[in-house]
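Okay, so here's the structure we're looking at.
Sequence positions, counted from 1, serve as the residue numbers for this chain. All figures in this text were calculated on a predicted structure; none of them were measured in a lab. Scope of the values below: all heavy atoms of this structure, side chains included, with no hydrogens, waters or symmetry mates.
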Amino acid sequence: ADKVAPLSVCSNVRGFDLFNDPTWCPPERNLLKAFYDEAKGQEWTNATGWADEFNNHCEWHGVDCNEEGQVINLSLGNNGLSGRISDTIGGLTHLEKLDLHDNDLKGSIPSAIGNLSNLSSLVISFNELTGKIPAEFDKMLRLELLHVHANRFTGT
């Protein structure tokens, strides 16, 4: 297994000399940690491996990576997520599938989701999401499956 620096060091220690080294501090691991925190990960039904100090984020429950170790699938449907969808989701630029259905997520969809140009499937139905669907959805040209029903969106 690849060696990585402790997650807490990579995400919390300012000036850590290996912070910008993707081998020791994989950027997507920090993004997923922020997602975990904002979606109240400590309360999830299954958070196996999440926010563990030394394991690879590709081994975390609901996370699938490609051969290069980039996150391509985040599948956490019906898993007790609450809180908000973190803006950091937009940094997972290789993401192809995002499934957060049947949880208790609140707040609006972050506009940063428009950065997910490889996204083909977005399933966020049956949550408590509010606000408008971000205009940035226009940027997701590969989107083929979109389920946003059973939320509290406003607008047309």
Side-chain angles (χ1 to χ4, degrees), residues 1-2 4-12 22 25-134 136-137 139-140 142-155:
D2 295 333
V4 293
L7 180 59
S8 58
V9 172
C10 289
S11 57
N12 294 324
C25 291
E28 291 188 327
R29 185 173 65 152
N30 290 340
L31 297 174
L32 288 169
K33 171 68 165 78
F35 176 87
Y36 172 87
D37 290 341
E38 290 191 46
K40 299 186 179 177
Q42 67 277 10
E43 299 172 7
W44 294 359
T45 306
N46 184 346
T48 303
W50 278 81
D52 184 81
E53 282 292 299
F54 291 104
N55 69 357
N56 186 311
H57 59 280
C58 296
E59 299 169 5
W60 297 358
H61 171 75
V63 176
D64 294 319
C65 296
N66 60 19
E67 291 177 3
E68 290 80 40
Q70 300 156 330
V71 178
I72 57 170
N73 184 10
L74 188 55
S75 184
L76 295 168
N78 193 20
N79 199 37
L81 279 68
S82 58
R84 309 175 66 83
I85 299 174
S86 173
D87 290 343
T88 62
I89 196 77
L92 299 173
T93 54
H94 300 280
L95 204 58
E96 297 170 7
K97 295 181 181 176
L98 178 60
D99 183 354
L100 304 175
H101 80 278
D102 201 11
N103 282 295
D104 193 28
L105 291 165
K106 295 175 177 62
S108 57
I109 301 173
S111 59
I113 204 162
N115 296 336
L116 303 179
S117 59
N118 291 305
L119 202 65
S120 62
S121 173
L122 176 60
V123 180
I124 53 174
S125 47
F126 296 97
N127 278 286
E128 300 289 326
L129 297 168
T130 55
K132 295 183 177 182
I133 303 287
E136 288 78 5
F137 267 46
K139 297 180 188 174
M140 296 187 293
R142 295 191 176 157
L143 197 60
E144 297 174 4
L145 178 68
L146 176 64
H147 287 191
V148 296
H149 56 280
N151 280 288
R152 297 180 179 187
F153 296 121
T154 55

Nearest 0.5 Å, please: how far is [atom2] in [Y] from [atom1] in [X]?
{"X": "Leu95", "Y": "Thr93", "atom1": "CG", "atom2": "OG1", "result": "9.0 Å"}
{"X": "Glu28", "Y": "Cys58", "atom1": "CD", "atom2": "SG", "result": "7.5 Å"}
{"X": "Leu100", "Y": "Ile89", "atom1": "CG", "atom2": "CD1", "result": "6.5 Å"}
{"X": "Asp99", "Y": "Ser125", "atom1": "CG", "atom2": "OG", "result": "7.5 Å"}
{"X": "His149", "Y": "Asn127", "atom1": "NE2", "atom2": "CG", "result": "10.5 Å"}

Is the closest side-chain heavy-atom distance between [X] and [Y] below 4.5 Å?
{"X": "Leu122", "Y": "Leu116", "answer": "no"}
{"X": "Arg84", "Y": "Ser108", "answer": "yes"}
{"X": "Val63", "Y": "Leu74", "answer": "yes"}
{"X": "His61", "Y": "Asn79", "answer": "yes"}
{"X": "Phe153", "Y": "Ile109", "answer": "yes"}
{"X": "His101", "Y": "His147", "answer": "no"}
{"X": "Ile85", "Y": "Leu129", "answer": "yes"}
{"X": "Phe35", "Y": "Leu92", "answer": "no"}

If you count every heavy atom of other residues, nucleotides or ligands that lies below 6.0 Å from Lys106 atom NZ, does the total exceed 12?
yes
Donor-acceptor pair between Asn73 and Ser75 side chains, under 3.5 angstrom
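Absent: no donor and acceptor within the cut-off.
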Please state whether the rings of Trp50 and Trp60 are parallel, tilted or perpendicular, taking 30° and 60° as the class boundaries.
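Rings of Trp50 and Trp60: tilted, 30 to 60°.
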Is it true that a side-chain atom of Thr88 and a backbone atom of Leu31 form a donor plus acceptor pair closer than 3.5 Å?
yes
What are the two closest heavy atoms between [X] and [Y], and how far apart are they?
{"X": "Tyr36", "Y": "Ala47", "result": "CE1-CB, 4.1 Å"}
{"X": "Asn103", "Y": "Gly80", "result": "OD1-N, 2.9 Å"}
{"X": "Leu105", "Y": "Ala39", "result": "CD2-CB, 4.2 Å"}
{"X": "Ser111", "Y": "Pro134", "result": "CA-CB, 4.1 Å"}
{"X": "Gly49", "Y": "Asn55", "result": "O-ND2, 3.1 Å"}
{"X": "Lys33", "Y": "Ala51", "result": "CD-CB, 3.8 Å"}

Can you tell which of Glu96, Arg142, Lys97 makes a side-chain hydrogen bond (donor to acceptor under 3.5 Å, both in side chains) with Asn118?
Arg142
Please identify which of these residues, Val123, Asn78, Ile124, Leu81, meets the side chain to side chain contact (heavy atoms under 4.5 Å, CB included) condition with Asp102.
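Looking at Val123, Asn78, Ile124, Leu81, the match for Asp102 under the side chain to side chain contact (heavy atoms under 4.5 Å, CB included) is Asn78.
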I'd like to know whether Glu68 forms a side-chain contact (heavy atoms from CB on, under 4.5 Å) with His94, so could you lay out the CA-CA distance, the side-chain angles of the two residues, the decisive distance to 0.1 Å, and finally the verdict.
CA-CA 11 Å; Glu68 290 80 40; His94 300 280; over 6 Å; no
